[in-house]
Undergrad: 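Before anything else, here's the structure in question.
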Amino acid sequence: MAACGTKCSLTPLADDIHIPTLTVAQTLDFALSTKAPGSGGRLPGISKGEFSDEIRDLLLRMLNISHTKSTLVGDAFVRGVSGGERKRVSIAEMMATRARVQSWDNLTRGLDASTALDFVKGLRIMTDVLGQTTFVSLYQAGESIYDLFDKVIVLDHGRQVYFGPPSQARAYFDELGFKSLPRQSTPDYLIGCTDPHERQIAPGRSSLDVPSTPEALELAFRASTHYEALMNDLVAYKKEQEEEKKDQEAFRAAVIADKRKGASKKSPYTLGFFGQVKALTVRQFQLRLQDRFQIVSSYVLNLWVAFATGIIYLNLPLTGAGGFMRASLLFIGPMMVIFDSQGDIGLMMMGWSILNKQVSWGTKPSEIAIVLMHCVIDELRHVPASSVPCR
């Protein structure tokens, strides 16, 4: 598990984008339904539902949001969990993907100090137990969080100026000639060494013999014993990977065993195509049932139009003029249904950001599955699927 100082380009979690009308449990259940392993990847006697429920409850307990299980996620317009709790939902959703390599960018923003520490401890446990590779970019990390990492990397304008054990980073920059302030934590000290306005030169040293530019800091690191040890480890690792094939074969076998029934061995998804359509259909029904304002407003509008057209239809003359009026009134019914379905276009456009996020995490199926799901829902609602191309 490695930590990054200053600026790192990692997977951002700064924007907590979720479907606001789903509960916290339903949000995690959808992610787990698409990423839960098949029978070959679970313990004997453990069903898919039991596995998903146990992992969901574990994530909620680890992030201390078990009390929000039945609460809507919410957003700026829908009342739901608080901002800090929504951040934890984003973290739990990311962890539910069970990715082997995870990148976290400023993940502790919006969390209090104790919750941030508990979360990083959770990452530490998952990294050790599941053998994951975890990259974390932190801008304000305490000493207790800093000590949990295996490696720390310090960047200055895109240049690597240190990479190695966290316990040796402070001593390395001290040897370069930088001075630490009283009661200054190690993360703040490391970041301060890359800031021309914050760093201080040790007594007896000057900017002439202390590297003060990104290029000079990079050259100093390349000339250090830390860089030499890093290159030796890299060469040894590549040689081991070329000679030892058991780990690679075991990993490929584990990936295949992890896939559910119907999923192709070459597919990046754990769940098969029809299973993806089923998961999306269930989630779409949940959205419809829990969006009470849309349901009530749609029924009230249609009932009002039905009463209005019914009253106008009464006592129409049995002449050509009456026939024209009857045809016009009959045309209003299908038109209202079509106009009602057009209201879903805005919701679909707002959901593209969520779609892109979940596609990048491998929890969302292909566009064809999404189109089929919308067509099924619209047919069940007796609404023409004019907002989604079903061809």
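Along the sequence shown, the residues carry numbers beginning at 1.
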Undergrad: How far apart are the C-alpha atoms of Ser185 and Tyr146, what are their side-chain angles, what is the distance that settles it, and do they pass the side-chain contact (heavy atoms from CB on, under 4.5 Å) test?
TA: CA-CA 9 Å; Ser185 64; Tyr146 176 82; over 6 Å; no
Undergrad: Considering only heavy atoms from C-beta outward, does the side chain of Leu230 approach that of Phe163 to under 4.5 Å?
TA: yes
Undergrad: Please report the shortest heavy-atom distance between Tyr172 and Ser224, naming the atom on each side.
TA: CE1-CB, 3.8 Å
Undergrad: Evaluate the side-chain proximity of Met231 to Leu234: yes if any heavy-atom separation is below 4.5 Å, no if none is.
TA: yes
Undergrad: Rounded to the nearest 0.5 Å, how far apart are CD of Glu215 and CG of Leu217?
TA: 9.0 Å
Undergrad: Keeping Arg124 on the side-chain end and Leu148 on the backbone end, is there a donor-acceptor pair under 3.5 Å?
TA: yes
Undergrad: On the 0 to 90° scale, with breaks at 30° and 60°, tag the Phe173-Phe178 ring pair as parallel, tilted or perpendicular.
TA: tilted
Undergrad: Hey, are Asp53 and Arg56 close enough for a salt bridge, meaning a charged N less than 4.0 Å from a carboxylate O?
TA: yes
Undergrad: Check His157 against Pro214 and note the closest heavy-atom contact, atom names and distance.
TA: ND1-CG, 3.8 Å
Undergrad: Do Leu58 and Phe51 belong to the same hydrophobic cluster, where Ile, Leu, Val, Met, Phe, Trp and Tyr are linked whenever their side-chain heavy atoms lie under 4.5 Å apart, directly or via other members?
TA: no
Undergrad: Compare all side-chain heavy atoms of Asp57 with those of Lys69 and state whether any distance is below 4.5 angstrom.
TA: yes
Undergrad: Examine Trp104 and Ile125 and state if one hydrophobic cluster contains both, with Ile, Leu, Val, Met, Phe, Trp and Tyr joined whenever side-chain heavy atoms are less than 4.5 Å apart.
TA: yes
Undergrad: Can you list the steps and then say if Val120 with Val136 is a side-chain contact (heavy atoms from CB on, under 4.5 Å)?
TA: CA-CA 9 Å; Val120 177; Val136 181; 5.8 Å; no
Undergrad: Strictly below 4.0 Å, N to O, side chains only: are Asp75 and Arg86 in salt-bridge contact?
TA: no
Undergrad: Does a side-chain heavy-atom distance below 4.5 Å link Gln286 with Leu22?
TA: yes
Undergrad: Cluster partners of Tyr299, using ILVMFWY side-chain heavy atoms under 4.5 angstrom, listed by chain and number?
TA: Ile295
Undergrad: If I take atom CG from residue Leu155 and atom CD1 from residue Ile191, how far apart are they, to the nearest 0.5 angstrom?
TA: 10.5 Å
Undergrad: With side chains defined as the heavy atoms from C-beta onward, is the minimum distance between Asp174 and Tyr189 less than 4.5 Å?
TA: yes
Undergrad: When rounded to the nearest 0.5 angstrom, what distance separates CZ in Arg199 from OG in Ser180?
TA: 15.5 Å
Undergrad: Which heavy-atom pair separates Ser144 from Leu117 by the least distance, and what is that distance?
TA: OG-CD1, 3.7 Å
Undergrad: If you round to the nearest 0.5 Å, how far is CZ of Arg283 from OG1 of Thr27?
TA: 8.5 Å
Undergrad: Checking the side chain of Ser52 only, and the main-chain atoms of Gly49 only, is there a donor and an acceptor separated by less than 3.5 Å?
TA: no
Undergrad: Spell out, yes or no, whether Val305 and Leu330 are grouped together once hydrophobic residues are joined by side-chain heavy atoms under 4.5 Å, including indirect joins.
TA: no
Undergrad: Are Ile19 and Leu72 grouped together when hydrophobic residues (ILVMFWY) are joined by side-chain heavy atoms under 4.5 angstrom apart?
TA: no
Undergrad: What's the separation between atom CD in Gln26 and atom OG1 in Thr21, rounded to the nearest 0.5 Å?
TA: 8.5 Å
Undergrad: Examine the side chains of Glu85 and His67 and answer whether a donor and an acceptor come within less than 3.5 Å of each other.
TA: yes
Undergrad: Mind listing the closest non-hydrogen atom pair of Ala96 and Leu32 along with its distance?
TA: CB-CD2, 3.8 Å
Undergrad: Any heavy-atom pair between the side chains of Val152 and Thr186 that's under 4.5 Å?
TA: no
Undergrad: Kindly give the heavy-atom pair with the smallest separation between Gln160 and Phe221, and that separation in Å.
TA: NE2-CE2, 3.3 Å
Undergrad: Evaluate Gln102 against Thr127 for side-chain contact (heavy atoms from CB on, under 4.5 Å), listing each step before the verdict.
TA: CA-CA 10 Å; Gln102 298 183 1; Thr127 302; over 6 Å; no
Undergrad: Does a side-chain heavy-atom distance below 4.5 Å link Asp188 with Leu181?
TA: no
Undergrad: Checking side-chain contact (heavy atoms from CB on, under 4.5 Å) for the pair Val81/Val24: CA distance, chi angles, key distance, verdict?
TA: CA-CA 9 Å; Val81 298; Val24 173; 4.0 Å; yes
Undergrad: For a 4.5 angstrom cut-off between non-hydrogen side-chain atoms, does Pro211 reach Leu219?
TA: no
